[in-house]
Amino acid sequence: MAVITYRDALNQALREELKRDPDVFLMGEEVAEYNGAYKVSRGMLEEFGPMRVVDTPIAELGFAGLGVGAAMVGLRPVIEMMTWNFALLAIDQIVNAAAKVRYMSGGQVGCPIVFRGPGGAALQLGAQHSQSFESWYAHVPGLKVVMPGTPADAKGLLKSAIRDDNPVVFIEGEMLYNTKGEVPDGEYTTPLGVAEIKRPGADVTLVCHAKTVTVALKAAEQLAGEGVDAEVVDLRTIRPLDTETVLSSVARTHRCVVVEEGWPFAGIGAQLVDTVQREIFDELDAPILRVTAADVPMPYNKLLERAAKADVPKVVSAVKQVLYLEASA
Amino acid sequence: MATTVVMEALSPTMEEGRLVEWKKQEGDKVAVGDVIAEVETDKAVMELVARAAGTLLKQVVAAGATVPVSNPVAIIGEPGEATDAPGAPKPEPPKSEAPRAEAPKPDAAPASAGKTPSREGETGASAPAGSAAPAEVAAPAAAPAATPATAPSPARPAAGPGRPEPAPVPAAGAGNGGTRVKASPLARKIAADRGLDLQGVAGSGPAGRIVERDLANLSAQAAAQAGPAAVPAFVPAGSATPHEDVPLTQIRKTIARRLAQSIGPIPTFYLTTEIDMERVTEAREALNALGEGKVSFNDITMKATALALRQHRACNAWWQDDHIRYWNDVHLAMAVAVQDGLITPVIRYADQKSLRQIAAEAKDLAGRARDRRLKPDEYTGGTFSVSNLGMLDIDEFTAVINPPEAGILAIGRIAERAVVHDGELTSRRRMRVTMSCDHRVIDGATGAQFLKTLKAMLENPLALVW
Amino acid sequence: MAGTATKPARDRGVDPATAERLRTWLRQMLLIRHFEEKAGEAYSLGKIGGFCHLYIGQEALAVGTLSALRADDYVVSAYREHGQALARGMSPRAVMAELYGKATGCSRGKGGSMHLFDASLNFLGGHGIVGGQIPLGTGFAFAAKYRGTDQVSLCYFGEAAVNIGAFHESLNIAGLWKLPVIYVIENNGYGMGTAVSRSSAITDLYERAASYNMPGVVVDGQDVEKVKAATDAAVDRARRESAPTLMEIRTYRYVGHSMSDAAHGTYRTKEEVEEYRQRDPITVLERRMREAGLLDDAAMKALDAEVLAEVEDAVKFAEESPDPAPDELWTDVYAPERADAGENA
């Protein structure tokens with residue numbers, strides 16, 4: 001197994017899939033000559049040429065829709081959004097066209113497309129460049145929403161997303177691109193819709209995805225030092241949600257804390273809370289708590305930004321509350 | 001629409017049942033309450049009763065099969081309906097019967113709370129008219145629509161024959177005098193599974209919520225304190241029908257009318273007898289010396305009373321204005337003095353329970369009565385009452401009948417008295433009991449015969465098991 | 001009856017192939033006309049629900065443009081697309097049944113008037129967001145270029161859509177990358193209730209093509225032959241040069257924007273509507289054909305009756321077709337799992 005960055009894992013996935021299937025192409029701003037705004041597509045123009053690695057003008061709606069059209073007639077586009085903040089401009093094509101043509105056409109026309117790019121916050125990028133919209137897309141029937149938190153998952157999931165015949169919203173993270181991890185050698189894919197227990201435990205279940213996977217793992221480590229054994233479940237795919245893994249975990253540990261990067265109102269955690277309390281009410285020894293971003297636009301100031309994010313101390317505190325080691329907030 | 005019959009938890013600890021024998025075959029008509037099959041549980045052989053009417057379309061498992069609780073065993077529906085068994089939509093079991101998990105027993109609680117007239121605490125064991133303040137009028141348990149429809153009825157499900165009552169695990173949070181127990185769903189489940197009482201458990205969660213670890217501590221303590229072997233849970237083999245209503249005959253009507261005119265609402269008369277308690281005393285000492293638990297004189301007297309009532313059904317009855325209800329089971333109400341009055345918790349099926357069970361239950365009920373933690377269904381539905389002032393050195397007294405019951409037995413102290421016994425003047429332990437009878441229901445001879453039986457049992461204790 | 005008191009067509013300067021074409025177009029336009037009239041009727045009777053945007057008065061536009069295409073070319077439109085659907089070759093039965101929401105509709109009753117699809121005819125909808133289909137049409141052209149075929153993409157939209165972002169982004173990309181797409185502005189003078197002059201900074205909309213490095217042409221949309229000729233040129237350019245064109249085809253609709261909109265009295269006068277009826281595309285073609293001796297009263301009457309019968313058959317079919325089964329609610333939300341999706345890490 002090699003240890004590579006999340007970025008390189010994505011790069012490998014893209015290359016492998018473009019090689020494997022001539023219908024796959026990558027399109028977006030700066031993906032070709034610039035080698036990618038975040039260098040995810042480094043070297044690909046060279047390998048595949050300008051017809052398959054395509055630079056676009058700044059016109060998210062236009063090229064996202066172009067991608068949807070191409071997918072409708074059988075190509076398999078990978079449309080890069082420089083960040084998911086900008087994808088708001090393209091959201092009409094993602095939600096009104098990509099997600100719906102199959103249904104509206106009575107099954108005649110599909111849309112095997114991947115929209116990918118970094119979402120969530122980085123460091124001091126300000127309110128318009130720090131947003132997490134997975135719950136917006138996860139809300140829409142017809143879309144799949146995938147969010148890898150590790151290099152191995154990034155590669156395996158992107159390959160699966162490209163091969164999936166449905167429109168997939170694939171949200172990466174700027175802060176994840178440099179993280180390193182073991183990635184299996186050789187050809188492999190990771191199935192969509194399957195969560196993974198990143199750390200088994202007995203006392204509490206931490207449900208997380210993307211950037212909060214690291215937060216949860218760090219919190220688990222700290223908690224272990226205090227005698228609390230936390231299980232970390234990485235959702236990996238938001239829609240379809242692997243409720244089975246989550247439920248079986250909480251049924252064992254009896255306590256659950258959700259850690260997510262997005263805002264609290266109607267976020268992913270809200271969905272999880274509904275599922276868990278509804279399905280395994282009797283297994284709960286405490287209410288389910290969520291650790292989320294603060295319910296504010298992201299501030300610029302470094303300290304304020306830190307306070308606005310879901311972090312290890314918040315997770316540890318939440319765990320202690322559900323274990324009644326600490327008074328509830 | 002076809003309904004699926006599932007293996008029910010016929011005892012609170014049951015996890016699977018062995019279907020011993022099918023009592024209905026495929027194609028048989030089934031009415032609600034019919035016995036469909038016999039099931040062997042972890043405790044006994046029980047009857048599985050139909051909750052839906054129709055035709056037994058399919059026996060999903062064969063006789064002899066062992067089936068986990070909640071798994072399908074049969075389909076009932078209209079002939080011709082599809083019977084894709086295991087997937088068949090589970091009918092909502094009438095919530096009242098939902099096994100375990102949720103606050104279990106409020107379903108059993110139901111109707112009687114507050115409906116049975118003048119039940120709460122209106123017992124007067126003491127002569128002064130002062131009626132006790134009722135124990136807290138509990139809000140009828142916020143229970144889902146409960147089964148029993150008939151108003152004053154013993155608050156146990158009037159479900160079919162042989163249907164064991166859900167074990168007396170007090171439902172946390174079910175109308176226990178208005179204070180709801182806060183416990184996490186998991187804690188409730190564990191309590192239900194283990195037959196633990198959440199009442200009185202100290203909760204370490206916010207606002208006193210009982211959580212899993214509180215029960216872990218509890219079990220540990222309980223284990224540490226384990227003394228005599230736990231009293232086995234009682235499972236009555238109930239009567240085929242709990243009661244029988246007999247319309248008044250002309251003579252009854254006449255007596256009632258005339259006596260009511262002369263004496264008051266309840267024409268009462270009193271019968272006293274003195275019972276020799278020597279043998280009971282010896283037997284009791286010997287029993288207690290076995291170290292398997294203690295039994296009191298009152299326990300023994302109550303048992304004897306219950307058994308005697310079984311033989312004299314006429315005394316085990318309710319006056320119901322236009323009919324008399326003769327109870328086939330004995331639910332004995334025992335008067336307990338509480339801080340500012342009196343309350344009569346009921347020992348159900350007292351005639352069937354063992355001395356040990358009665359002793360345990362009496363102690364528990366009395367304790368909780370004093371702590372004001374009785375639930376409405378625990379102090380209602382008695383068929384006969386007893387009141388004992390012996391511990392207060394009263395030789396004899398007359399107790400006031402608790403309507404709609406027809407009788408009450410007032411028990412005095414056991415005193416060493418000079419009597420002539422076997423022709424010789426000697427000192428023997430003697431106890432006087434006075435029975436108050438509602439003349440509309442019980443005649444002099446009837447009451448006297450009951451007392452005679454009672455006396456014979458207590459003077460010959462083996463008669464209790466005769 | 002054919003051939004009564006007319007000189008042979010050749011003598012009138014119309015060769016048989018053209019004559020045939022004209023007859024075909026007349027029939028198609030009549031079909032659209034009668035179909036739309038029936039649809040309007042059905043809508044007022046509550047048989048068709050939701051939105052219903054009728055094409056009455058614009059028939060020559062659809063017929064003329066689509067007759068310039070091959071079967072393997074791509075077509076996409078907005079929500080006033082019954083005319084294009086029929087002209088492309090979709091069966092009146094399938095379209096009417098879809099308007100009725102029946103299981104036999106082209107989209108199985110799940111699309112409705114605004115979402116007619118027929119993948120086998122490369123008719124790719126039917127889209128409800130103004131301008132939403134313009135990037136899609138651009139994408140079809142991209143796919144053709146990507147694959148190296150000479151397919152073209154025909155993309156219809158109303159004249160109000162030229163003001164929306166999607167229009168500009170798409171045309172810029174098409175002009176920049178030289179995509180084989182023909183953008184067709186169906187200019188019927190009004191975006192819903194707003195005249196072009198009140199919504200567009202320039203009213204000669206084809207001039208916007210200049211911003212995107214492509215030719216812009218304007219065409220009289222009431223004359224099917226002119227429409228066809230102009231489209232031929234654009235298609236040719238797309239096929240041979242892989243270059244886009246912006247066509248502004250000026251037409252008129254007699255009816256309101258949709259069934260919820262009045263034909264006149266709010267944003268246009270009755271007189272105006274009446275004036276345009278003089279330029280009814282069917283009338284225009286009819287006149288042309290009569291002058292060429294290709295049509296007489298009897299033939300017209302017979303054709304009309306034939307078409308009407310076909311439309312009435314479609315209505316009957318729609319009436320008698322079943323609603324979709326209840327669990328159709330859940331189908332086609334996602335693509336079925338692929339057989340090769342099983343490879344795992």
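Since this is a predicted model, take the numbers as computed values, not measurements. The chains referred to below are lettered A, B, ... by the order of the sequence lines, with proteins before strands, and numbering in each begins at 1.
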Inset, instruction - Return yes if a side-chain donor-acceptor contact under 3.5 Å exists between Y79(C) and H115(C), otherwise no. - result: no
Legend entry - Residue pair Y137(A) / W84(A), side-chain heavy-atom distance below 4.5 Å: yes
Legend entry - Per-residue contact mode, P141(A) against chain C (heavy atom under 4.5 angstrom): both
Inset, instruction - Taking heavy atoms only and a threshold strictly under 4.5 Å, list by residue number the residues of residues 169-177 of chain C that touch chain A; give 'none' if the list is empty. - result: E169(C), N172(C), I173(C), L176(C), W177(C)
Legend entry - Heavy-atom proximity to chain C below 4.5 Å, by part of K100(A): neither
Legend entry - Proximal component of T331(C), with respect to chain A [non-hydrogen, under 4.5 Å]: backbone
Inset, instruction - Please determine, among Q133(C), H168(C), K110(C), M114(C), the option with the most heavy-atom pairs under 4.5 Å with chain A. - result: K110(C)
Legend entry - Leading residue by heavy atom contact count with chain C [cutoff under 4.5 Å; candidates G69(A), A64(A), P57(A)]: G69(A)
Inset, instruction - Kindly indicate, with the supporting measurements, whether the criterion salt bridge (charged side-chain N to carboxylate O under 4.0 Å, His left out) is fulfilled by D8(A) and K180(A). - result: CA-CA 9 Å; D8(A) 286 341; K180(A) 288 193 175 163; over 6 Å; no
Legend entry - Lys/Arg-Asp/Glu bridge criterion (N-O < 4.0 Å) met for E16(A), K155(A): yes
Legend entry - R163(A) vs E187(A), salt bridge (charged side-chain N to carboxylate O under 4.0 Å, His left out): CA-CA, chis, key distance, verdict: CA-CA 14 Å; R163(A) 297 185 199 186; E187(A) 168 70 28; 2.6 Å; yes
Legend entry - Part of V140(A) within contact of chain C (heavy atom distance under 4.5 Å): backbone
Legend entry - Region of F167(C) that comes under 4.5 Å of a non-hydrogen atom in chain A: neither
Inset, instruction - Output, in order, the C-alpha distance, side-chain angles, deciding distance and verdict of salt bridge (charged side-chain N to carboxylate O under 4.0 Å, His left out) for R76(A) and E17(A). - result: CA-CA 10 Å; R76(A) 306 189 76 89; E17(A) 292 307 300; over 6 Å; no
Inset, instruction - Could you tell me which portion of L124(C) (side chain, backbone, both or neither) has an atom closer than 4.5 angstrom to a non-hydrogen atom of chain A? - result: both
Legend entry - Output field: ring centroids F25(A)/Y146(C) closer than 6.0 Å: yes
Inset, instruction - Examine whether an atom of L143(A) lies under 4.5 Å from a heavy atom of chain C, and if so say whether it belongs to the side chain, the backbone or both; otherwise answer neither. - result: backbone
Legend entry - Portion of N96(A) that has a non-hydrogen atom of chain C nearer than 4.5 angstrom: side chain
Legend entry - Part of D55(A) lying under 4.5 Å from any heavy atom of chain C: backbone
Legend entry - Part of residues 98-107 of chain C lying next to chain A, heavy-atom separation under 4.5 Å: C106(C), S107(C)
Inset, instruction - Could you tell me whether D165(A) and R102(A) make a salt bridge, using a distance below 4.0 angstrom between a side-chain N and a carboxylate O? - result: no
Inset, instruction - Heavy-atom pairs under 4.5 Å with chain A are the metric here; pick the option from G109(C), G112(C), G125(C), A119(C) that has the most. - result: A119(C)
Legend entry - Pair E134(A)-H209(A), side chain to side chain donor-acceptor pair (under 3.5 Å): steps then yes or no: CA-CA 11 Å; E134(A) 52 266 35; H209(A) 62 273; 2.8 Å; yes
Inset, instruction - Scan side-chain atoms only and decide if S113(C) and H82(C) contain a donor-acceptor pair under the 3.5 Å cut-off. - result: yes
Inset, instruction - Go through the atoms of I164(C) and report whether side chain, backbone, both or neither lie under 4.5 Å from a heavy atom of chain A. - result: neither
Inset, instruction - Check the side chains of Y156(C) and Q84(C) for a donor-acceptor pair under 3.5 angstrom, ignoring hydrogens and angles. - result: no
Legend entry - V54(A) versus chain C, the contacting section by heavy-atom distance below 4.5 Å: side chain
Inset, instruction - Considering only NZ, NE, NH1 and NH2 on the basic side and carboxylate oxygens on the acidic side, decide whether E337(C) and K144(A) come within less than 4.0 Å. - result: yes
Inset, instruction - Kindly indicate whether the side chain of Y103(A), heavy atoms from C-beta on, has any atom under 4.5 Å from the side chain of Y334(C). - result: no
Legend entry - Contact check, side chains of F170(A) and L158(A), non-hydrogen atoms, under 4.5 Å: yes
Inset, instruction - Under 4.5 Å heavy-atom distance to chain C, tell me which part of V68(A) shows up: side chain, backbone, both or neither. - result: both
Legend entry - Any donor-acceptor N or O pair under 3.5 Å, side chains N11(A), R15(A): yes
Inset, instruction - Answer with yes or no whether the side chains of R70(C) and N122(C) bring together a donor and an acceptor at under 3.5 Å. - result: no
Legend entry - P22(A) portion near chain C, given a 4.5 angstrom heavy-atom threshold: backbone
Legend entry - R237(C) and S242(C): side chain donor to acceptor below 3.5 Å: no
Inset, instruction - State, to 0.1 Å, how close D185(A) and M1(A) come at their nearest heavy-atom pair, and which atoms those are. - result: OD2-N, 3.1 Å
Inset, instruction - Measure distances from Q108(A) to the heavy atoms of chain C and classify the residue's part below 4.5 Å as side chain, backbone, both or neither. - result: both
Legend entry - When I58(A), V101(A), D164(A), V109(A) are compared by non-hydrogen pairs under 4.5 Å with chain C, the top option: V109(A)
